Amino acid sequence: MSRPQSNNLRLGLCCQFAQEPIKFRTTTATAMLRLLKRERLARLAELCRLNAEALLAALQFCAGHGIGAFRINSQILPVKTHPTAGYETGELPGSAEIVAQFKECGAFARKQKLRLSFHPDQFVVLNSPNPKTLAHSLAELNYQAEVAEWVGADTVNIHGGGAYGDKTEALRALRENIGRLPKPVRSRLTLENDDKVYTPADLLPVCADTGVPLVYDVHHHRCLPDGLTVAEATKRARATWKTEPLFHLSSPLEGWNGPKPERHHDYISAGDFPKEWLGWPLTVEVEAKAKELAVMRLLAWLEGMKE
């Protein structure tokens, strides 16, 4: 039976399952390039169909367990943008049926009021001075926006990128390249603070200039502070959104005094959930290694706060 979300809060599961027998298929470019092109496209089409089936199963699980959001794996269409093994969707045998399967997932998500998102891999860097890196990043963003269109996902979230020895210039390049993005990407793009380079204070001016919302990652902020309190960062990040904000939450594997506090724990420690996040509409993606088990434990804790 579905359970209501606590305090207008929507908890999100990220990409995979720890215990449920729901698996997303992937492959490697090396394996695919061993096949003749016709065989390769047939195999890739099969993997895409299986992943559409797995996505629907994932959304059905979320709807049945009070999980209000799901982050879709970046490899939902395996090796889609690889420079040699990549492909256009229309090249796949039965491509229309594959797209229809994904659109069925979107229809189910809308009916169940599930929020869907994408978070491209770390190699997607919009301010890279390397033209090849930038071109690959744009190809990946275009692909994920294409699938986002099919399923109704409203966010494609990226980090700020590198500083490349000059953070001011890197942020200028980020602003400029955001402005050049095609509408399907730009309309979904969000920026997230990270734990190595860009804090909320660094990215909030970019968000103000470009209209791109900030996905506030409180764990990253605690690892890389910038003078803003959690309450201040929450308030300012929330103001960048015209729709329901989406934030990230995780806990350190070995505690905040451990050797590498940036590493994620299996579960969320209750003390790491900001009290400032309660009482208003918010999506919180739970970045924890125990996946659905961690989300459901946190949901139970939030429900217990109301009793």
Side-chain angles (χ1 to χ4, degrees), residues 4-14 66-71 115-119 154-161 167 171 174 178 188-252 255-256 261-265 267-288 294-295 297-306:
Q5 292 291 300
S6 302
N7 303 302
N8 299 310
L9 193 70
R10 188 199 307 254
L11 295 185
L13 172 62
C14 296
I67 299 173
F70 186 74
R71 181 193 296 174
R115 188 177 191 181
L116 305 182
S117 67
F118 282 87
H119 191 359
D154 69 337
T155 60
V156 177
N157 179 52
I158 63 170
H159 291 168
K167 187 180 280 190
L171 287 172
L174 178 61
I178 287 173
R188 293 176 171 86
L189 191 73
T190 58
L191 291 174
E192 176 191 348
N193 60 295
D194 62 79
D195 56 8
K196 295 288 191 295
V197 182
Y198 291 115
T199 68
D202 291 325
L203 294 180
L204 281 164
V206 179
C207 293
D209 291 345
T210 61
V212 171
L214 181 71
V215 171
Y216 176 42
D217 188 310
V218 68
H219 186 158
H220 288 165
H221 192 205
R222 287 164 172 159
C223 291
L224 186 64
D226 57 3
L228 294 177
T229 65
V230 170
E232 290 167 339
T234 295
K235 182 179 180 181
R236 291 183 62 184
R238 184 181 177 184
T240 66
W241 289 82
K242 295 179 181 178
T243 57
E244 178 178 307
L246 186 152
F247 291 174
H248 289 176
L249 177 69
S250 45
S251 288
W256 290 107
E262 68 274 10
R263 293 194 294 184
H264 292 178
H265 199 285
Y267 292 91
I268 303 297
S269 298
D272 290 332
F273 194 101
K275 64 182 185 301
E276 295 87 357
W277 291 10
L278 296 172
W280 47 281
L282 174 65
T283 300
V284 177
E285 290 187 339
V286 178
E287 298 186 323
V295 179
R297 180 182 289 187
L298 180 58
L299 183 61
W301 177 75
L302 290 166
E303 289 293 329
M305 289 178 61
K306 296 170 65 178

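None of the values given here were measured: they were computed from a predicted structure.
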For residues Leu249 and Trp277, determine if any side-chain heavy atom of one lies less than 4.5 Å from a side-chain heavy atom of the other.
yes
Rounded to the nearest 0.5 Å, what's the gap from CD on Glu232 to CG on Leu204? Could you check?
11.0 Å
Is a donor on one side and an acceptor on the other found under 3.5 Å between the side chain of Ser269 and the backbone of Gly271?
no
Charged N to carboxylate O under 4.0 angstrom, Asp154 versus Arg188?
no
Heavy atoms, side chains only, cut-off 4.5 Å: are Val215 and Trp241 in contact?
yes
Rounded at 0.5 Å granularity, tell me how far CG in Asp202 sits from CG in Asn193.
9.5 Å
With a 4.5 Å heavy-atom cut-off, do Glu192 and Leu203 have their side chains touching?
no
A side-chain contact here means heavy atoms from C-beta on lying under 4.5 Å apart; do Val218 and Phe247 qualify?
no
If you define the side chain from C-beta out and look only at heavy atoms, does anything of Glu287 sit under 4.5 Å from Ile268?
no
For His219 and Asp272, does a side-chain donor sit closer than 3.5 Å to a side-chain acceptor?
no
How close do Ile178 and Leu191 get, heavy atom to heavy atom, and via which atoms?
CD1-CD1, 4.2 Å
Taking all heavy atoms of Pro281 and all of Pro245, pick out the closest pair and write down the distance.
O-CD, 3.6 Å
Leu228 and Pro200: which non-hydrogen atoms are nearest, and at how many Å?
CD1-CB, 4.3 Å
Distance alone, cut at 3.5 Å: any donor-acceptor contact between the side chains of Glu244 and Thr283?
yes
Could you give the distance from CZ (Phe118) to OG1 (Thr155), rounded to the nearest 0.5 Å?
9.0 Å
Grab the two heavy atoms, one from Pro252 and one from Pro261, that are nearest each other, plus how far apart they are.
CB-O, 3.3 Å
Any chance you could measure Asn8, atom CG, to Leu278, atom CG, to the nearest 0.5 Å?
10.0 Å
Using the rule given for ring-ring contact (aromatic ring centres under 6.0 Å, His included), can you reason through His220 versus His159, listing the C-alpha separation, both sets of side-chain angles and the distance that settles it, and then say yes or no?
CA-CA 11 Å; His220 288 165; His159 291 168; 5.7 Å; yes
Quick one, Ile158 with Leu189, criterion side chain to side chain contact (heavy atoms under 4.5 Å, CB included). Give me CA distance, side-chain angles, the key distance, then yes/no.
CA-CA 7 Å; Ile158 63 170; Leu189 191 73; 4.0 Å; yes
Smallest separation among heavy atoms of Val286 and Ala294, with atom names
CG1-CB, 4.5 Å
Within a strict 4.5 Å, meaning less than it, do heavy atoms of the Leu302 and Leu11 side chains meet?
yes
Taking the side chain as every heavy atom from C-beta outward, state whether Ser117 and Asn157 have any atom pair closer than 4.5 Å.
no
Verdict with supporting geometry, Val284 and Leu9, side chain to side chain contact (heavy atoms under 4.5 Å, CB included)
CA-CA 7 Å; Val284 177; Leu9 193 70; 3.6 Å; yes
I would like to know whether Tyr198 and Asp226 meet side chain to side chain contact (heavy atoms under 4.5 Å, CB included); could you show each step before the answer?
CA-CA 9 Å; Tyr198 291 115; Asp226 57 3; over 6 Å; no
Which value, rounded to the nearest 0.5 Å, describes the distance between Asp195 atom CG and Asp217 atom CG?
8.0 Å
I need the minimum non-hydrogen distance between Trp256 and Cys223, along with the two atoms involved.
CZ3-SG, 4.0 Å
Lys235 side-chain N/O to Val230 backbone N/O, donor-acceptor pair under 3.5 Å
no
Does His248 have its ring centroid less than 6.0 Å away from the ring centroid of His119?
yes
Tell me, do Leu246 and Glu285 make a side-chain contact under 4.5 Å, heavy atoms counted?
yes
Would you compute the distance between atom CZ of Arg238 and atom OH of Tyr216 and round it to the nearest 0.5 angstrom?
14.0 Å
